[in-house]
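Each remark here refers to the structure printed beneath this line.
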Amino acid sequence: MEQITLYNTLAGKKEIFKPLEGNKVFFYCCGPTVYNYIHIGNARAFVLFDFIRRYMAQNGYTVTFIQNITDVEDKIIKKAAEEKKSWDSVAERFTRAFQEDMARLGVLSPDISPKATETIPAMITLIETLEKKGFTYTISDGVYFRVRKFEGYGKLSKKSLDDLRAGSRISVNDEKEDPFDFALWKFSKPGEPAWESPWGRGRPGWHIECSAMSRQYAGRTLDIHAGGEDLVFPHHENEIAQSEAALGEPLARYWMHNAYVNLNGAKMSKSLGNDVTVRSLLKDHPPQVLRLFLFSAHYRKLLDFTADALVDAEAKYQRFNNFFHTFSDVEEKEDFSLVKEWDERVRAFLNDDFNTSGALGVFFEAVAACFKEKDPAGLAGAVKHWLRRWDSLFFILPGEETSLTGETLHGLMEILIDIRHRARASKDFELADMIRDRLKELGIMLEDTPDGTRYKKR
RNA sequence: GGCAACGUAGCCAAGUGGUAAGGCAGUGGUCUGCAAAACCACUAUUCACCGGUUCGAAUCCGGUCGUUGCCUCCA
């Protein structure tokens with residue numbers, strides 16, 4: 001079992017990761033609210049935590065990965081009203097879109113993927129417990145959590161209620177005892193989705209679902225609770241408050257948060273309308289390129305999504321592509337002794353708070369070493385095998401079929417290459433170049449090497 | 001206004017006490033009919049700035065400036 005160090009937001013520092021019991025890891029990651037297509041910033045969190053989950057699973061931990069789908073929420077209702085559709089059809093459509101985007105990005109399905117609407121009984125039970133302990137009160141539009149009564153409020157985000165109040169921009173609802181009290185249960189207006197509850201017909205508040213689900217599916221304190229940096233306050237702070245107030249034990253031991261993706265220097269956000277969807281990016285870029293972009297910086301560091309950044313990621317992808325293409329005749333073979341040092345460095349980087357950027361650097365060093373070797377066949381075979389193994393986790397390498405497949409096509413290519421060879425021999429470069437240019441238009445690149453001409457599909 | 005994070009070459013970025021990984025771009029060369037790919041050489045005596053601690057600091061401490069974010073739904 002690898003020893004992993006990770007940055008725990010709750011502790012405010014890196015800590016050695018130790019599951020509550022043995023090698024069992026209950027890992028909860030906040031999922032999407034399904035009212036729109038996800039953007040590249042959303043994808044950062046999902047790609048990252050899927051990566052971490054799989055790295056752990058491949059290294060001796062038994063991971064149960066839980067990721068909710070928020071399928072009832074104000075924004076979904078709003079979107080449905082705009083489109084004149086039912087709220088549940090909107091939720092269904094974007095749930096499917098989310099799952100498709102994830103699959104294309106190479107993100108595995110969670111072990112458990114509960115929907116908010118399927119977990120309402122557990123939420124009601126939790127609110128009842130809070131009510132018994134005096135943490136709730138009811139006003140005209142819903143049941144609220146009494147933030148002041150929970151002693152540790154602010155321990156995750158390192159904020160005190162008084163600091164927050166000083167700079168508060170939130171509009172104060174006169175009925176609320178404190179502006180930071182939040183809704184556990186919202187009463188429904190006519191036409192809005194509604195479930196029966198002891199307090200009246202309504203729907204759950206946003207924060208309660210993660211608390212209820214993690215309890216229902218893990219049954220105890222989580223080992224890891226993860227999400228984007230913007231969820232620290234108030235979402236995760238509120239989850240902690242309600243869970244710990246109700247159950248008297250920690251909600252999670254380790255809290256992990258990824259930094260944002262900015263768009264040309266400013267925050268990318270669905271609500272600001274400057275988001276770039278994964279769906280649109282996948283039209284022009286293979287998923288590997290998007291993942292290379294996402295892995296290019298440490299996850300706790302801000303990533304700026306720019307045209308240059310995408311060009312950079314494309315170039316990295318091409319570098320790998322050229323490597324596999326150049327050594328396409330070399331058979332992959334397992335020879336760990338040749339790659340041992342690189343492998344240890346990659347592991348050291350990943351074990352130190354999942355430093356994917358450092359790990360990528362090692363991959364490129366290995367690639368460069370193969371190109372530099374005078375007789376690289378032995379090394380390249382081992383590096384190819386080694387990279388492919390890591391790629392089951394990273395998913396950044398080009399697929400196997402970079403050269404044309406199919407015997408007929410191959411035969412045709414041989415003919416064209418032969419004609420061009422003859423043209424060159426008789427110094428008919430016009431013809432030779434025409435063949436090369438026309439093939440290029442089809443996306444087939446010719447390369448003249450000392451061992452003859454070869455081709456690849458771009 | 002309050003609270004944070006970050007600031008490493010033209011760009012991206014790793015490195016958190018022992019003397020600057022890696023990728024892209026650039027320049028010169030090798031190879032080529034010309035290319036492509038690849039290789040070789042060059043490209044930060046220096047890590048925003050100013051002090052301090054230390055034998056030694058990009059790395060620790062204090063201050064200054066700058067960027068970004070959170071304080072409202074948000075990955």
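So you know, we letter chains A, B, ... as the sequences are listed, proteins then strands, and number each from 1. Small disclaimer: the values here were computed from a predicted structure and weren't measured.
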(request) Just call it for A:Arg300: base, sugar-phosphate, or nothing, with non-hydrogen atoms closer than 4.0 Å on any strand. (result) nothing
(request) Taking only Lys NZ, Arg NE, NH1 and NH2, and the carboxylate oxygens of Asp or Glu, determine whether A:Lys186 and A:Asp74 approach each other closer than 4.0 Å. (result) yes
(message) I'd like to know if A:Lys155 pairs up with A:Glu244 as an ion pair, taking the criterion as any Lys NZ or Arg NE/NH1/NH2 lying under 4.0 Å from an Asp or Glu carboxylate oxygen.
(response) yes
(request) Before accepting this row, confirm whether a basic side-chain N of the pair A:Arg148/A:Asp178 lies closer than 4.0 Å to the acidic partner's carboxylate O. (result) yes
(request) With a 3.5 angstrom cut-off on both distances, give the Watson-Crick or G-U wobble partner of B:rU19, or none if there isn't one. (result) none
(request) May I ask you to decide whether A:Arg424 forms a salt bridge with A:Asp448, counting only side-chain N to carboxylate O separations under 4.0 Å? (result) yes
(message) Applying a 4.0 Å non-hydrogen cut-off, can you work out what A:Ala315 is touching in the nucleic acid: base, sugar-phosphate, or nothing?
(response) sugar-phosphate
(message) Between B:rG29 and B:rA36, how many Å separate the two P atoms, rounded to a whole number?
(response) 14 Å
(message) Applying the Watson-Crick and G-U wobble criteria at under 3.5 Å, what pairs with B:rG7? Answer none if nothing qualifies.
(response) B:rC65
(message) With a 3.5 Å limit on both atom pairs, tell me what B:rA38 is paired to, counting Watson-Crick and G-U wobble, or say none.
(response) B:rU30
(request) Please determine if A:Lys456 and A:Glu447 form a salt bridge, counting it only when a charged side-chain N lies under 4.0 Å from a carboxylate O. (result) yes
(message) One thing to verify: whether A:Arg345 and A:Glu365 come together as a salt bridge, which I'm taking to mean a side-chain N less than 4.0 angstrom from a carboxylate O.
(response) yes
(request) Using Watson-Crick or G-U wobble geometry with both distances below 3.5 Å, tell me the partner of B:rC60, or none. (result) B:rG52
(request) Would you kindly check whether a donor in the side chain of A:Arg436 faces an acceptor in the base of B:rC34, or vice versa, at under 3.5 angstrom? (result) yes
(message) Let's test your reading of the model: under 3.5 Å, does the base of B:rG10 pair with the side chain of A:Asp308 as donor and acceptor?
(response) no
(request) Quote, to the nearest angstrom, the C1' distance that separates B:rU19 from B:rC24. (result) 27 Å
(message) Please determine whether a side-chain nitrogen or oxygen atom of A:Lys158 lies at a distance below 4.0 Å from atom OP1 or OP2 of B:rC70.
(response) no
(request) Quote, to the nearest angstrom, the C1' distance that separates B:rC70 from B:rA75. (result) 14 Å
(request) Would you mind telling me which of B:rA75, B:rA14, B:rC34 lies closest to the side-chain atoms of A:Asn258? (result) B:rA75
(message) Does A:Phe349 reach a base, just sugar-phosphate, or nothing at all? Heavy atoms under 4.0 Å.
(response) sugar-phosphate
(message) With a 4.0 Å limit, can you tell me whether A:Lys301 has a side-chain N or O closer than that to the phosphate oxygens OP1/OP2 of B:rA14?
(response) yes
(message) Using a heavy-atom cut-off of 4.0 Å across all strands, would you classify A:His298 as base, sugar-phosphate, or nothing?
(response) sugar-phosphate
(message) Does A:Gly228 reach a base, just sugar-phosphate, or nothing at all? Heavy atoms under 4.0 Å.
(response) sugar-phosphate
(message) Counting the atoms with a prime plus P, OP1 and OP2 as sugar-phosphate, which does A:Phe233 contact under 4.0 Å by heavy atoms, base, sugar-phosphate, or nothing?
(response) sugar-phosphate
(request) Under 4.0 Å between any heavy atoms, over every strand shown, what does A:Gly41 touch: base, sugar-phosphate, or nothing? Just pick one. (result) base
(request) Flag the pair A:Phe46 / A:Phe98 as yes when their ring centroid distance falls below 6.0 Å, and as no otherwise. (result) yes
(message) Is A:Phe429 stacked against the base of B:rG33, taking the criterion as centroid distance under 5.5 angstrom and interplanar angle under 30°?
(response) yes
(message) Tell me which nucleotide, if any, is Watson-Crick or G-U wobble paired with B:rA75 when both distances must be under 3.5 Å.
(response) none
(message) Just to be sure I understand the rule, does A:Ala43 reach a base, reach only the sugar-phosphate, or reach nothing, if contact means heavy atoms closer than 4.0 Å?
(response) nothing
(request) Just call it for A:Asp304: base, sugar-phosphate, or nothing, with non-hydrogen atoms closer than 4.0 Å on any strand. (result) nothing
(request) Would you classify A:Asp74 as touching base, sugar-phosphate or nothing, given that sugar-phosphate means primed atoms plus P, OP1 and OP2, and contacts are heavy atoms under 4.0 Å? (result) nothing
(request) Quick one: look up who B:rU45 pairs with, Watson-Crick or G-U, both distances under 3.5 Å, and put none if it's unpaired. (result) none
(request) Could you check whether A:Pro234 gets within reach of a base, just the sugar-phosphate, or nothing at all, counting any heavy atom under 4.0 Å? (result) sugar-phosphate
(request) Take atom P in B:rG1 and the same atom in B:rA13, then report the distance between them in whole Å. (result) 29 Å
(request) Kindly compute the distance separating OG1 (A:Thr64) from OH (A:Tyr217), expressed to the nearest 0.5 Å. (result) 13.0 Å
(request) Give the B/S/- string for nucleotides 36-43 of chain B, one per nucleotide from 5' to 3', where a protein heavy atom under 4.0 Å of the base yields B, of only the sugar-phosphate yields S, and otherwise -. (result) BSSSS---
(request) Between B:rA44 and B:rC12, how far apart are the C1' atoms? Round to whole Å, please. (result) 15 Å
(message) Between A:Asp101 and A:Arg104, does any NZ, NE, NH1 or NH2 come within less than 4.0 Å of an OD or OE carboxylate oxygen?
(response) no
(message) Once you apply a heavy-atom cut-off of 4.0 Å, does A:Val261 come out as touching a base, just sugar-phosphate, or nothing?
(response) base
